[in-house]
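The structure under discussion appears below in the form of structure tokens.
Naming: A, B, ... by sequence-line order, numbering from 1 per chain.
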Amino acid sequence: MISNQSIETASYEIMKKAAIDIPEDYLAGIKSVASKESGELSGFVIKTMIENYEIATEDRRPMCADTGLPRYYVKVGDQAEFEGGFTGIERALRSATARATRDVPLRPNRVHPLWRTEHNNNVGINAPEIEWTFEPDTDWIDITTVHKGGLFGTDYRMLFPGDGVDGIKRFLLDTLISFGKRGLCCQPAIVGVGLGGSKDTCMQLGKQAACLRVVGDRNPDPKIAELELELITLGNNIGMGAMGFVGSSMVVDLHIEVGHTHTGGMPMSVHTFCLSSRRATARLHSDGSVGYRTDPKWFTPYHRRETVDWDELTRGETHA
Amino acid sequence: MLEEVHISLPADAEAIAALKLGSVVYLDGIVYTAREGVYQRVLNEGHSLPQGLGEISNVNFHCSPAAAVKDDGTYEIGGVTATASFRFSKYLGDWLDLSGTKIIIGKGGMPVDDYQQVLAPRGAVYLTTVGYGTGALLGRGVQGVESVHWLDELGIAQAMWVFRVKDFGPFLVDSNLQGQSLFAQQGDLVNKQIDDLYTGLKEPALHRYGETKDRTDELI
């Protein structure tokens, strides 16, 4: 049985880890990007950022003071046993958010959109966001937190089937160039591209692609994987590096997620995570044990299923 | 190698005049945070500046720290990162006149027009933070909180924090007293190649406002 208390404690821990510790996949990714950077200013920026990650871990201090809009992604196994029901999990996540905001400390960014009033704890109406998915044949609950800013670097456009890959490239360039100037989207970053679905799912898929997949991960569809690599090259050939200075460090990795969409359209969203791509995951097992990691393992084969049923043939591949 | 400069605060006119675009700057002394909440309170609602602020600091940091008020009333400063400055453009002339501020630190710089018409004529320059997420590095440079103003009225993110800092940086010089901008110069270089990136990509089926400045254009 997974207790409410252990959910709260684990969620508090991942809030801390996400804010302070750079995920190893991203660190390796940014070092690789930096090794190819010839722009002096852009290179200096990345070198300074790497120093900043080290100090954050040494001092147990947030990497970036804009600790974004902390939020959660929860994946519940069919066999997971937990007390307090689903609203119990929600209560634990809200409590962990408020506690971590005070203790880490995180910046209490959350305000009412109109009255600008705040509770100084990152909790409020529809905040923190909690997204739910489920997983067959497992007894654990995965809780991932992502701390992402939200003012720049995200956009949506309705493309049409005839626009094809050219349309995708055009919109990606538009977004990276416009938000890359002066480094407003805090590049180099992991870029997420959502393709398909309806407008809201398109936004959601792109954001999850940016925040919930690690550097080096490729889409299981080989043609989409190929397109991911092509778009990375496109982004890094813009001629723009960190902070919009002349250079080549724009995209550390690029992930595409797709959803079946309206036959007449091809909606697309673009999301840039940031220079301090902040995510952490806890897995709580029904026997009470807890494990921590930085790979959210969100997009399981079950998650990306396209058939009516989830059949025996594909079942074997489900667990990461 | 980029040139490295250390400045003691309050910064004197000579040190500011000597700053070159793209130089790396570290600061020692007192800096204060102020953004729209403080500007609104002082410039539009007529509240006075904290007494003596101008004598101890002439550096305005566009920042909301990740900070907390502890049970014993002291403050814990976690990460310190700048926020985007272009949004505060309309306040800056009056603010510089009133506060005597000579250095603005923030994220992303401001339009060249602001440097030429607002900052440079008042002997002020703009330094940009690096990255922009060097929260831990800058947090380490904050030695202590001298005072906090309007915490109850404005909240942690918008309050005026007065920090004592040492080796506080790095920052990059974005504007000088000639009103030039590093971001603008770099942007011009990047812009030269942009048209080439789109060469060979077919026109989209549906255009949208933003690709054209003429709002009377049809999109299809």
Side-chain angles (χ1 to χ4, degrees), chain A residues 19-20 40-41 44-45 48-49 51-53 55-59 61-67 101-109 111 118 120 151-152 157-160 162-164 166-167 169-171 173-174 177 181-184 186 234 237-240 242-246 274-276, chain B residues 1-2 22 24 37 63-70 76-84 86 107-109 128-140 155-158 169-170 172 174 182-183 186-187 189-194 196-198 200-206 208 210-211:
Chain A
I20 295 170
E40 190 178 24
L41 286 160
F44 170 77
V45 173
T48 307
M49 289 305 302
E51 199 183 326
N52 181 65
Y53 306 143
I55 289 175
T57 294
E58 268 174 39
D59 290 4
R61 201 192 276 278
M63 292 179 268
C64 179
D66 186 345
T67 45
T101 299
R102 189 197 58 211
D103 291 355
V104 176
L106 307 176
R107 192 207 282 173
N109 272 336
V111 299
E118 61 175 318
N120 268 332
L151 304 188
F152 310 106
R157 188 173 288 180
M158 176 57 84
L159 305 177
F160 296 89
D163 289 326
D166 274 7
K169 288 181 176 172
R170 185 177 277 279
F171 181 42
L173 285 172
D174 286 351
I177 290 169
K181 286 193 175 163
R182 295 172 184 254
L184 287 183
C186 296
L234 181 72
N237 280 340
I238 290 174
M240 201 190 277
M243 291 176 72
F245 295 139
V246 171
C274 66
L275 259 168
S276 310
Chain B
M1 278 293 285
L2 302 171
V24 179
C63 161
S64 297
V69 183
K70 291 195 277 195
E76 181 176 356
I77 303 297
V80 177
T81 314
T83 195
F86 70 88
K107 170 179 175 176
T128 176
T129 51
V130 173
Y132 293 97
T134 54
L137 202 55
L138 294 180
R140 200 182 247 192
I156 286 172
Q158 292 278 348
L172 287 168
D174 182 42
L182 178 70
F183 278 123
Q186 293 279 308
L189 291 171
V190 170
N191 282 344
K192 281 184 188 159
Q193 314 170 53
I194 283 180
D196 290 347
L197 295 166
Y198 291 85
L201 297 180
K202 63 175 178 262
E203 287 296 307
L206 182 76
R208 57 225 4 107
E211 290 173 355

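Other residues, nucleotides and ligands contribute at most 12 non-hydrogen atoms within 6.0 Å of the NZ atom of K192(B).
Using a 4.5 Å heavy-atom threshold, the side chains of L182(B) and L41(A) count as touching. When side chains are defined from C-beta on, F160(A) does not count as touching P204(B), because their heavy atoms never get closer than 4.5 Å. Y198(B) places a side-chain heavy atom less than 4.5 Å from the side chain of D174(A). At least one side-chain heavy atom of L197(B) sits under 4.5 Å from a side-chain heavy atom of I177(A). Put simply, the side chain of L206(B) does not reach to within 4.5 Å of the side chain of M158(A), judged on heavy atoms.
The part of V24(B) that comes within reach of chain A is its side chain, from C-beta onward, which places non-hydrogen atoms under 4.5 angstrom from that chain. Looking at F152(A), only its side chain comes within 4.5 Å of chain B, counting heavy atoms on both sides. Proximity to chain A is limited to the side chain of N191(B), based on heavy atoms less than 4.5 angstrom apart. Using a 4.5 Å cut-off between heavy atoms, T83(B) does not touch chain A at all. With a threshold of 4.5 angstrom between heavy atoms, E203(B) approaches chain A through its backbone and through its side chain. When heavy atoms are compared at a cutoff of 4.5 Å, V246(A) approaches chain B by way of both its backbone and its side chain. In this structure, the portions of D163(A) lying under 4.5 Å from any heavy atom of chain B include both its backbone and its side chain. Residue contact with chain A, scored on non-hydrogen atoms closer than 4.5 Å, involves the side chain of A84(B) exclusively. Using a 4.5 Å cut-off between heavy atoms, A242(A) does not touch chain B at all. In this structure, the portion of P65(B) lying under 4.5 Å from any heavy atom of chain A is its backbone and not its side chain. In this structure, no portion of I20(A) lies under 4.5 Å from any heavy atom of chain B. For S276(A), the part sitting under 4.5 Å from any heavy atom of chain B is the side chain, from C-beta outward, and nothing else. With a 4.5 angstrom heavy-atom cutoff, N109(A) does not touch chain B via any of its atoms. Within the 4.5 angstrom heavy-atom criterion, only side-chain atoms of K107(B), from C-beta onward, approach chain A.
A pairwise comparison of heavy atoms in A65(A) and S64(B) identifies CB-O, 4.0 Å as the closest pair. Heavy-atom minimum distance, L275(A) versus G131(B): CD1-O, 2.5 Å. Closest approach of M240(A) and V190(B) over heavy atoms only: CE-CG1, 3.7 Å. The shortest non-hydrogen separation linking G162(A) to K202(B) is O-CE, 2.9 Å. Of all the heavy atoms in V130(B) and M243(A), the pair that sits closest is CA-SD, 3.8 Å.
Once rounded to the nearest 0.5 Å, the distance linking CG of L173(A) with CD1 of I194(B) reads 9.0 Å. From Q193(B), atom CD reaches atom CG of N237(A) across 9.5 Å, with rounding to the nearest 0.5 Å. The distance from the CD1 atom of I55(A) to the CG atom of L137(B) is 4.0 Å, given to the nearest 0.5 Å. The OH atom of Y132(B) sits 11.5 Å away from atom CE of M49(A), with the distance rounded to the nearest 0.5 Å. N52(A) contributes atom CG, which lies 10.0 Å from atom CZ of R140(B) (distance to the nearest 0.5 angstrom). Summarising the geometry, atom CD belonging to E76(B) is positioned 10.5 Å from atom CZ belonging to R102(A); distances are rounded to the nearest 0.5 Å.
The candidate from A68(B), G135(B), A67(B) with the greatest count of non-hydrogen atom pairs under 4.5 Å with chain A is G135(B). Counting heavy-atom pairs closer than 4.5 Å to chain B, the top residue among K169(A), E58(A), E40(A), E51(A) is E40(A). Annotation: maximal heavy-atom pairing with chain A below 4.5 Å, among G187(B), A157(B), G139(B), occurs at G139(B). For the set A82(B), G22(B), P170(B), the entry with the most heavy-atom pairs within less than 4.5 Å of chain A is P170(B). Between chain A and the residues D174(B), I156(B), L189(B), the most heavy-atom pairs under 4.5 angstrom are made by I156(B). For chain A, the option among K70(B), Q158(B), M1(B) with the highest count of heavy-atom pairs below 4.5 Å is M1(B). Put simply, of T128(B), V69(B), L172(B), the one with the most heavy-atom pairs under 4.5 Å next to chain A is L172(B).
Checking side-chain atoms of R107(A) against main-chain N and O of V80(B) turns up no donor-acceptor pair under 3.5 Å.
For F245(A), the ring pair (Phe, Tyr, Trp, His ring centres under 6.0 Å) partners at least two apart in sequence or on another chain are F183(B).
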